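If you're wondering where the values come from, they're calculated on a predicted model, not measured in any experiment. Values below: all heavy atoms of this structure, side chains included; hydrogens, waters and symmetry mates excluded.
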Amino acid sequence: MNLTQILTRYWGYDKFRPLQEEVIQSVMAGKDTFALMPTGGGKSVCYQVPALASDGICIVVSPLIALMKDQVEALKKKGIEARALFSGMSYREMDITLDNCVYGRIKLLYLSPERLASDLVKARVAKMKVNLLAVDEAHCISQWGYDFRPAYRNIASLRELIPNTPVLAVTATATQPVIEDILKQLRFSGSQIFRKSFHRENLAYEVREEEDKQGRLLKLCREWKGSGIVYVRTRRRTKEMATLLSRSGIVSDHYHGGLTQAERRQKQDAWMKGQVRVIVCTNAFGMGIDKSNVRFVVHMDIPDSMEAYVQEAGRAGRDEEPARAIIFHNAHDRLEMLERVKASYPPFSEIKVVYQALGNYFQLPVGSGLETSFDFDLGDFSQRFSLKVDLVFHAMQVLERAGYITMVESIYLPSRILFKVDQKGLYAYQVAHQQMDAFIKLLLRSYPGLFDQPVPVREEELARRMNSSVANVVALLQRLVKEDVIEYFPRKESPQVFYNLARLDEKNLVIAPEFLKQRRDQAMERAEYMVFYLTSKTRCRSQMILAYFGEKETQRCGVCDICQDRNDLGLNELEFERVSEMVKEILTGENMALNELVEKVEGPGDDHVIKVLQWLMDHGKIRLNQENKLQWVS
């Protein structure tokens with residue numbers, strides 16, 4: 001099959017989206033390729049299609065376990081063999097999965113970056129016929145990126161095991177310095193760079209300074225039609241806001257990372273199907289969500305960076321129909337956001353306290369724990385060691401950025417079973433243990449493939465079929481484990497902490513002061529640009545976003561709140577800019593009375609000049625001084 005036939009057969013589309021085919025052709029030609037494709041641009045197709053079009057297996061490095069699991073499940077439903085390795089899996093499960101990738105028919109293997117350091121993974125990758133190495137969320141490899149993950153640096157050494165394999169790096173958000181760093185860190189050679197503009201002509205960006213944000217949200221939800229997303233910062237506020245909207249007749253629900261897998265799936269599905277109109281959520285919602293007809297995205301709290309904002313706002317209007325993205329804010333919000341970003345880099349002394357407490361919490365001796373994951377309850381941990389929850393969270397984020405641990409927020413791993421004995425050995429066991437025969441036969445009837453790899457099972461379903469209790473099913477499974485018949489991996493549904501390095505003694509934990517300062521300064525720069533974006537009253541919102549990502553020669557979007565104000569003047573862009581520049585030039589030299597200034601400005605007529613002056617005054621570019629003369633505000 002050719003590329004388009006693969007796209008049609010597995011995805012149902014008869015043509016590629018902009019840039020997709022060019023990116024695919026580049027990697028098929030064996031070239032290292034970088035693709036900057038904003039949210040909704042179809043990045044995953046750029047490595048999934050060439051994986052199917054070539055012999056061998058594609059390795060995909062991704063930091064988002066929930067997204068990896070979703071993509072693997074979606075591929076399996078299409079009939080494509082895919083697997084994933086991530087924190088929470090046992091050594092045995094990884095061993096079997098990697099064997100299947102070497103000797104089986106697996107086409108895509110998803111790996112978390114931390115797994116790349118494993119000797120087991122490296123040994124098996126060297127035996128694989130790898131047709132493509134895809135790096136998702138590639139900005140994580142750059143120290144200049146907003147979500148730096150040190151484990152991503154392991155990718156460069158992986159290339160030494162597969163020297164003739166091209167690399168595809170994809171991301172939705174990267175500034176020019178980040179792009180250059182990505183290419184350097186991944187050791188790109190003969191690379192092709194593809195960029196899709198961040199410009200979204202159908203998406204109107206708005207910023208509204210509001211004290212009564214809830215009242216304004218209710219008003220807009222009544223005025224606007226269609227499906228929407230409302231982002232808030234805390235889990236508690238998701239429920240509060242969803243309740244407020246629902247009581248006002250707007251069918252809404254809440255979503256955050258602390259919900260169970262079943263709850264999240266149910267809420268997500270109801271919103272996707274249109275049974276729920278508005279989903280109120282934290283930033284845990286959205287990754288991998290492909291709902292094309294979202295008409296509005298509202299931020300009730302200020303995002304920490306333009307990168308985060310563009311990703312979240314970009315979930316509106318993917319069907320190319322008109323959509324809106326709006327931020328509500330006030331002076332208190334701006335101050336709170338800046339203080340929050342500062343607080344996210346606590347002193348090293350406090351980070352050490354948290355690190356030592358973690359080791360004690362997991363009862364982990366110094367020198368142990370390498371590549372091991374543990375269930376983690378943030379509230380319980382903080383209470384047990386009398387630490388503030390915010391401090392613990394921020395300290396753990398710094399430890400993660402420094403490469404010591406990885407935090408995985410609430411993933412769901414179903415229970416899995418694998419027979420350790422072969423069929424002959426199992427038969428012998430059944431003959432010798434007649435009381436277990438019926439249960440073993442039920443397992444074999446219910447779940448094929450139990451001799452080949454760990455198979456997901458549901459204890460509740462087995463209990464129903466046996467007309468018994470879940471506790472009894474678990475007891476039977478544990479007996480089979482004790483008698484060395486099966487391996488049983490009970491389900492997990494809690495956050496995980498994964499140790500990238502063995503636990504260190506306190507004196508050996510090192511985080512360079514310059515590292516902390518650099519990360520803090522970079523975070524503050526991003527936060528300050530958000531404040532600049534929010535408080536600017538004269539520049540097109542879209543142009544500000546595009547400029548942040550290095551797109552300089554751009555036109556006004558014509559649909560944002562700033563452009564709409566200017567459109568109401570009845571002047572075209574050229575006329576407005578000409579009058580505005582003349583006013584700036586005149587008033588930079590001297591202050592002047594209104595009538596004098598109007599006479600001095602050459603242009604489209606006094607009425608239009610006065611309109612421009614009024615607009616400049618309303619937006620804080622000129623003002624009247626104590627002498628009642630106009631002056632330019634620098």
Side-chain angles (χ1 to χ4, degrees), residues 65 69 72-73 76-77 81-106 120 260-266 362-364 368-369 371-377 380 410-496:
I65 291 177
K69 290 175 84 267
V72 168
E73 287 173 17
K76 285 181 177 178
K77 286 178 182 177
E81 289 293 331
R83 298 289 185 272
L85 292 183
F86 44 80
S87 304
M89 295 177 70
S90 70
Y91 183 92
R92 175 71 171 143
E93 286 181 285
M94 291 194 298
D95 190 30
I96 293 170
T97 299
L98 289 166
D99 259 357
N100 287 335
C101 291
V102 175
Y103 304 110
R105 300 173 63 185
I106 311 301
L120 174 67
T260 66
Q261 175 72 9
E263 288 172 325
R264 280 182 282 171
R265 182 71 68 185
Q266 179 270 321
F362 300 131
Q363 298 183 336
L364 194 61
S368 64
E371 296 181 14
T372 307
S373 60
F374 301 89
D375 292 346
F376 182 66
D377 185 324
D380 177 65
S410 193
I411 60 167
Y412 174 73
L413 285 177
S415 298
R416 286 93 63 213
I417 292 175
L418 170 69
F419 277 109
K420 296 179 70 175
V421 297
D422 59 18
Q423 291 180 334
K424 185 177 179 181
L426 182 61
Y427 177 74
Y429 176 83
Q430 288 172 269
V431 170
H433 302 81
Q434 284 293 317
Q435 70 274 31
M436 298 296 291
D437 182 62
F439 181 62
I440 290 171
K441 286 177 178 175
L442 175 62
L443 289 176
L444 294 172
R445 285 197 308 270
S446 303
Y447 303 105
L450 287 168
F451 292 97
D452 304 319
Q453 61 186 4
V455 175
V457 300
R458 294 185 65 242
E459 291 89 343
E460 295 84 357
E461 180 66 17
L462 289 168
R464 185 186 65 78
R465 292 182 181 182
M466 292 174 59
N467 194 25
S468 182
S469 67
V470 171
N472 185 46
V473 168
V474 171
L476 291 171
L477 291 171
Q478 288 174 338
R479 176 178 172 179
L480 290 173
V481 170
K482 187 176 180 181
E483 293 174 349
D484 218 27
V485 177
I486 67 168
E487 290 188 69
Y488 172 48
F489 311 99
R491 70 180 168 209
K492 293 186 176 184
E493 201 167 357
S494 59
Q496 304 277 304

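Between V474 and Y488 the shortest heavy-atom distance is CG2-OH, 4.1 Å. Nearest approach of P490 to R416, heavy atoms of both residues: O-NH1, 3.8 Å. Here the shortest heavy-atom pairing between A82 and V72 reads O-CG1, 3.6 Å. For the residue pair S415 and E459, the shortest heavy atom distance occurs at OG-OE2, 2.5 Å.
Interatomic distance, L450 CG to K420 NZ, rounded to the nearest 0.5 Å: 15.0 Å. Taking CG of L477 as the start and CG of L443 as the end, the distance is 6.5 Å to the nearest 0.5 Å. The line from CD1 of I486 to CZ of F451 is 11.5 Å long, rounded to the nearest 0.5 Å. For the atom pair CZ (R479) and CD (Q435), the distance works out to 4.5 Å, reported to the nearest 0.5 Å. Interatomic distance, OH of Y429 versus CE of M436, reported as 4.5 Å (0.5 Å rounding).
The environment of OH in Y427 is sparse: at most 12 heavy-atom neighbours from other residues, nucleotides or ligands sit within 6.0 Å. For Q434, the CD atom is densely surrounded, since the number of other residues' heavy atoms within 6.0 Å is greater than 12.
Residues I417 and E487 fail the side-chain proximity criterion, which asks for heavy atoms closer than 4.5 Å. Side-chain contact between R83 and Q453: present, with at least one pair of heavy atoms (C-beta onward) separated by less than 4.5 Å. Looking only at side-chain heavy atoms (C-beta outward), R465 and R445 stay at 4.5 Å or farther from each other. With contacts defined as side-chain heavy-atom distances shorter than 4.5 Å, the pair F419/L426 qualifies. Residues D452 and I96 have side chains not in contact (no heavy-atom distance under 4.5 Å, counting atoms from C-beta outward). Contact annotation: the side chain of L364 never approaches that of T372 to less than 4.5 Å [non-hydrogen atoms, C-beta and beyond]. Under the 4.5 Å side-chain criterion, counting only non-hydrogen atoms from C-beta, M94 is not in contact with E371. Between N100 and E81, every side-chain heavy-atom pair lies at or beyond the 4.5 Å cut-off.
E461 and S446 share no side-chain donor-acceptor pair at under 3.5 Å.
Side-chain atoms of Y447 come within 3.5 Å of backbone N or O of R458 as a donor-acceptor pair.
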Step-by-step side chain to side chain contact (heavy atoms under 4.5 Å, CB included) determination, Q496 to D375: CA-CA 5 Å; Q496 304 277 304; D375 292 346; 2.5 Å; yes
Chi angles and distances behind the side chain to side chain contact (heavy atoms under 4.5 Å, CB included) call for Y91, L120: CA-CA 9 Å; Y91 183 92; L120 174 67; 3.7 Å; yes
Side chain to side chain contact (heavy atoms under 4.5 Å, CB included) evaluation trace for L462 with L476: CA-CA 11 Å; L462 289 168; L476 291 171; over 6 Å; no
Full working for side chain to side chain contact (heavy atoms under 4.5 Å, CB included) between I106 and T97: CA-CA 9 Å; I106 311 301; T97 299; over 6 Å; no
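In this structure, the side-chain hydrogen bond (donor to acceptor under 3.5 Å, both in side chains) partners of S468, at least two apart in sequence or on a different chain, are N472.
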